[in-house]
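Note sheet for the following structure.
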Amino acid sequence: QVQLTESGGGSVQAGESLRLSCVVSGSIFSINGMGWYRQAPGKQRELVATITGGGDTDYADSVKGRFTITRDNAKITTFLQMNRLTPEDTAVYYCNAVIALSRRSYASNYWGQGTQVTVSS
């Protein structure tokens, strides 16, 4: 069974930093894109950052220049370094990965359970 396990969330003051990690475990064949999404109370889940297997990245405009997504393909882990956090970054952050379980299967989206990030002013 494939699992995505996030860690690194917490409560910080505005201007501080956090680093989120997401580890993929289980029997898989391949991982394509990985990414981070977030959902604030009363709002829809939104994309924060994505990274392809080749390392190409994309960011939401609201986090460009402050957040950095990376991945360690050997350890099947993705990281989200979040700097200069603001109260508007408060949300539950979810890890996402597009995973194929076997050579013959289609790749599907998998999600972590989410980790809370709270930024106070």
Side-chain angles (χ1 to χ4, degrees):
Q1 184 175 355
V2 175
Q3 278 192 313
L4 277 63
T5 305
E6 300 116 333
S7 61
S11 297
V12 296
Q13 297 286 321
E16 295 183 340
S17 300
L18 281 174
R19 187 183 192 226
L20 304 183
S21 301
C22 173
V23 180
V24 179
S25 60
S27 179
I28 65 173
F29 174 70
S30 66
I31 295 181
N32 299 330
M34 301 183 78
W36 291 92
Y37 292 71
R38 67 186 181 187
Q39 187 166 18
K43 295 187 177 181
Q44 290 188 332
R45 189 174 298 189
E46 63 175 2
L47 180 148
V48 176
T50 61
I51 185 167
T52 68
D56 293 328
T57 59
D58 191 28
Y59 297 92
D61 287 342
S62 59
V63 307
K64 282 181 181 176
R66 300 188 298 121
F67 291 12
T68 303
I69 186 171
T70 56
R71 65 189 278 174
D72 182 331
N73 289 327
K75 296 181 179 179
I76 322 179
T77 303
T78 182
F79 304 95
L80 185 68
Q81 178 66 44
M82 306 186 293
N83 298 329
R84 304 198 307 277
L85 286 160
T86 73
E88 289 69 36
D89 295 317
T90 295
V92 177
Y93 283 71
Y94 296 91
C95 175
N96 169 267
V98 181
I99 296 172
L101 300 183
S102 70
R103 184 184 298 274
R104 296 182 179 181
S105 65
Y106 291 103
S108 300
N109 275 301
Y110 287 82
W111 294 89
Q113 80 287 352
T115 185
Q116 177 70 47
V117 171
T118 302
V119 185
S120 56
S121 57

Within one Ile-Leu-Val-Met-Phe-Trp-Tyr cluster: [X] and [Y], side-chain cutoff 4.5 Å:
X	Y	value
W111	L47	yes
I99	I76	yes
Y110	Y94	no
L80	I31	yes
I28	I51	yes

Checklist entry - For the side chain of R71 and the backbone of G54, is there at least one donor-acceptor N/O pair under 3.5 Å apart? => result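 Answer holds: no.
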Checklist entry - Going through the checks in order, is the side chain to side chain contact (heavy atoms under 4.5 Å, CB included) test met by F79 and T68? => result CA-CA 8 Å; F79 304 95; T68 303; over 6 Å; no
Gap separating the [atom1] atom of [X] from the [atom2] atom of [Y], nearest 0.5 angstrom:
X	Y	atom1	atom2	value
M34	I69	CE	CD1	8.0 Å
Y106	R104	OH	CZ	12.5 Å
T78	N73	OG1	CG	9.5 Å
R45	R38	CZ	CZ	13.0 Å
D58	T50	CG	OG1	4.5 Å
S121	Q13	OG	CD	8.0 Å

Next on the checklist: Run the side chain to side chain contact (heavy atoms under 4.5 Å, CB included) test on D89 and M82 for me, step by step, so that the C-alpha distance in whole Å, both residues' side-chain angles and the decisive distance to 0.1 Å come before the verdict.
Outcome noted: CA-CA 9 Å; D89 295 317; M82 306 186 293; over 6 Å; no
Quick one: closest heavy-atom pair of [X] and [Y], and the distance?
X	Y	value
S21	W36	O-CH2, 3.6 Å
A40	A91	N-CB, 3.8 Å
F67	Y59	O-CE2, 3.2 Å
N32	A107	ND2-CB, 3.7 Å

Next on the checklist: Going by side chain to side chain contact (heavy atoms under 4.5 Å, CB included), name the residues that satisfy it together with R84, two or more places apart in sequence or in a different chain.
Outcome noted: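 In terms of side chain to side chain contact (heavy atoms under 4.5 Å, CB included), with neighbours along the sequence ignored, R84 is linked to R66.
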Checklist entry - So V119 and E88, side chain to side chain contact (heavy atoms under 4.5 Å, CB included) or not? Walk me through it. => result CA-CA 8 Å; V119 185; E88 289 69 36; over 6 Å; no
Under 3.5 Å donor-acceptor pairs involving side-chain atoms of residues 3-12, not counting sequence neighbours:
residue : atom : partner : partner atom : Å
E6      : OE1  : Q113    : N            : 3.0
E6      : OE1  : Q113    : NE2          : 3.3
E6      : OE1  : G114    : N            : 2.7
E6      : OE2  : C95     : N            : 2.6
E6      : OE2  : G114    : N            : 3.3

Next on the checklist: Is it true that, when you exclude Q44 itself, more than 12 heavy atoms of the residues, nucleotides or ligands shown sit nearer than 6.0 Å to its CD?
Outcome noted: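 For Q44, atom CD is not crowded (no more than 12 foreign heavy atoms under 6.0 Å).
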